[in-house]
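None of the values given here were measured: they were computed from a predicted structure.
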Amino acid sequence: MSTAIDLTLPAGVTVASHAPLLYTPEFWDPRKAYIRYRPDVETAFREGVAYRKNNKLRTAAQLIELGISNAIMFTDLQDDFREGGRLGVNGTDTAVLRACVRAINGTILDHYTLAVHSQDSHPPLHLSFGSRWWAEDGLPFDLREHKAAVLDLADERRGIFKATCFGPNGPIDMGHIKSMFNADDTVKYWHHLQGTGQGPVWVFAMHCKIGTDGTNLHPLLSETLAFMEGARMLEPVPLFKGHIRDTDWFGAFQPCRPDSTHPQGGFQKTIVDLFGQVKGTSDFVGVTEDFCNYHTEQQAVRYFDNTNARLLEKLAFVTDCTAAIVPDAPHVVKFYAEAEAKGVRFITHDAKFQAAA
């Protein structure tokens, strides 16, 4: 562990309970989950290589040849969603800590052979940015304080929407706003969301803007992935979402509205099929429980339910490796009940690793 890193925890922050590591890499310190630092990914990778050689670990490819394969999916565990981030969610750092514990333990054991991580990343003036919209005062709509708002169509002809934020005392009327670009298309987008059951248009404080530090993976996760790479010669699969200016990505595997002109514009079948190909299980972790992680899990369940329902039994949602904007949100409770009834398992990060069937 680099001595240059200040491991002083922020005021009022304590390290959450978590399972013990089966092996503690030198880069590891649970306080790292709660601070901001530059990850030393090369040292973590080299430590993974050394551990593999010293302990004669099989590579991921060798495990797969033996019929052993399991996956882990990390959804949007990025700097802008951490506490203090531009769109911070309380509990994200703890979710990362526990997810990294499970990832390292599953690497030490003959378990994980695949890791996928999604990263929200938006171009300037993305539809999900509040500042992409004109407010009634003629200035960009400002969500730096309230962070998020839902939009309801108020005047279809003029493309005007009513914005509502939610605070501890209930809904907050934020007035009427209009998209700076493509007002007619934005109305069509709203109708598409309604017609496909995806809900309203959501806008947020500017977040995960391409070219900013907010798109970065949590640094402890970056080091953990590098250790996995070295220990198993495992190549994590990045999954970028959010690059199309005029549509959003609620889940990692497809945009809210198809766009045949863009490589991200459809269902990312090649990626999702990787989870179907593993012999064992695919663990899902990430944020937020009631938004991006919810939609990511929902997209996976819907896909496997429509193609091969037996594969649903390979999915495991790790319930203490996520964080919610609104805990126990009704739509999440309902979805979890439906998913469990279809065979999806619900586990915690310290759950025993299952052998491949």
Practice item. Begin from the C-alpha positions of I35 and L7 and carry the test side chain to side chain contact (heavy atoms under 4.5 Å, CB included) through to its verdict. Key: CA-CA 7 Å; I35 64 173; L7 291 171; 3.4 Å; yes

Exercise for review: Evaluate the side chain to side chain contact (heavy atoms under 4.5 Å, CB included) criterion for residues F317 and V301: first the C-alpha distance (whole Å), next the side-chain angles of each, then the deciding distance (0.1 Å), finally the verdict.
Suggested key: CA-CA 11 Å; F317 297 166; V301 168; 3.9 Å; yes

Practice item. Give the intermediate values and the outcome of side-chain hydrogen bond (donor to acceptor under 3.5 Å, both in side chains) for residues T94 and Y34. Key: CA-CA 8 Å; T94 292; Y34 301 92; 2.7 Å; yes

Practice item. Could you go through the side chain to side chain contact (heavy atoms under 4.5 Å, CB included) check for I172 and T164 one step at a time? Key: CA-CA 6 Å; I172 304 169; T164 304; 5.8 Å; no

Practice item. Please assess H192 against Q194 for the test side-chain hydrogen bond (donor to acceptor under 3.5 Å, both in side chains), listing each intermediate value before the final yes or no. Key: CA-CA 5 Å; H192 173 79; Q194 296 296 301; over 6 Å; no

**Study point:** Working for side chain to side chain contact (heavy atoms under 4.5 Å, CB included), residues V285 and R102
**Key:** CA-CA 10 Å; V285 305; R102 185 161 184 83; 5.8 Å; no

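Taking all atoms of both residues into account, the shortest heavy-atom contact from L109 to L22 is CG-CD1, 3.7 Å. Closest heavy-atom contact between S131 and M180: O-CE, 3.0 Å. Shown here for Q264 and G242, the closest heavy-atom pair between the two residues is OE1-N, 3.8 Å. Of all heavy-atom pairs spanning L234 and L114, the tightest one is CD1-N, 3.7 Å.
With sequence neighbours excluded, no residue forms a salt bridge (charged side-chain N to carboxylate O under 4.0 Å, His left out) with D137. For E340, the side-chain contact (heavy atoms from CB on, under 4.5 Å) partners at least two apart in sequence or on another chain are F346. Qualifying side-chain contact (heavy atoms from CB on, under 4.5 Å) partners for V272, counting only residues two or more places apart in sequence or in other chains: F253, F267, Y303, F304. Remark: D184 engages no residue in a salt bridge (charged side-chain N to carboxylate O under 4.0 Å, His left out) (not counting sequence neighbours). Judged as a side-chain contact (heavy atoms from CB on, under 4.5 Å), and not counting sequence neighbours, P263 has no contacts.
Pairs of residues two or more places apart, or lying in two chains, that qualify as ring-ring contact (aromatic ring centres under 6.0 Å, His included) and include a residue from residues 132-159 are W133-F161. Within the structure, side chain to side chain donor-acceptor pair (under 3.5 Å) contacts touching residues 71-87 (residues at least two apart or in different chains) are D76-S118, D76-K241, D80-R86, R82-D93, R82-H218, R86-D213. Sorted by first and then second residue, the ring-ring contact (aromatic ring centres under 6.0 Å, His included) pairs with a member in residues 44-74 read Y23-Y51; sequence neighbours excluded. A salt bridge (charged side-chain N to carboxylate O under 4.0 Å, His left out) check over residues 292-307, counting only residues at least two apart or in different chains, returns the pairs D305-K342. Residue pairs meeting the salt bridge (charged side-chain N to carboxylate O under 4.0 Å, His left out) criterion with at least one partner in residues 145-157, sequence neighbours excluded, are D155-R158. Within the structure, side chain to side chain donor-acceptor pair (under 3.5 Å) contacts touching residues 224-236 (residues at least two apart or in different chains) are D110-R232.
Atom CD1 of I347 and atom CZ of F284 lie 11.5 Å apart (nearest 0.5 Å). Atoms NZ and NZ, from K53 and K56 in turn, are 12.0 Å apart once rounded to the nearest 0.5 Å. A distance of 6.0 Å separates OG of S282 from CG of L315, quoted to the nearest 0.5 Å. If you take CG on L97 and CG on L221, they are separated by 11.5 Å, rounding to the nearest 0.5 Å. Put simply, CE on M206 and OG on S128 are 9.5 Å apart, with the number rounded to the nearest 0.5 Å. Atoms CG and CZ, on D246 and R257 in that order, are 6.5 Å from each other to the nearest 0.5 Å.
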Show me the side-chain donor-acceptor pairs of residues 322-333 shorter than 3.5 Å, one per line, residues at least two apart or across chains.
{"unit_1": "T322", "atom_1": "OG1", "unit_2": "G286", "atom_2": "O", "d": "2.6"}
{"unit_1": "T322", "atom_1": "OG1", "unit_2": "E289", "atom_2": "N", "d": "3.3"}
{"unit_1": "H331", "atom_1": "NE2", "unit_2": "D290", "atom_2": "O", "d": "3.0"}

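The environment of R58 atom CZ is sparse: at most 12 non-hydrogen atoms of other residues, nucleotides or ligands sit within 6.0 angstrom. Summarising the local packing, CD of E338 is surrounded by more than 12 heavy atoms from other residues, nucleotides or ligands at distances under 6.0 Å.
Of the N and O atoms on the side chains of D283 and Y112, at least one donor lies less than 3.5 Å from an acceptor on the other residue. In this model, a donor atom of one side chain and an acceptor atom of the other lie less than 3.5 Å apart for Q198 and T196.
Linking ILVMFWY side-chain heavy atoms closer than 4.5 Å, directly or via other members, places F27 and V41 in two distinct hydrophobic clusters. There is a path of hydrophobic side-chain contacts, each under 4.5 Å, that joins L220 to L217.
Screening F291, F129, F81 for a ring-ring contact (aromatic ring centres under 6.0 Å, His included) with F204, the sole residue that qualifies is F291.
Between the H18 side chain and the A16 main chain, a donor and an acceptor come within less than 3.5 Å of each other.
Under the 30°/60° scheme for interplanar angles, the aromatic rings of Y294 and F335 are found to stand perpendicular.
A salt bridge links K32 and E223; the closest N-O separation between the charged side-chain nitrogens and carboxylate oxygens is under 4.0 Å.
Residues V101 and W28 have side chains in contact (heavy-atom distance under 4.5 Å, counting atoms from C-beta outward).
Ring-centre distance between H122 and H207: below the 6.0 Å cut-off.
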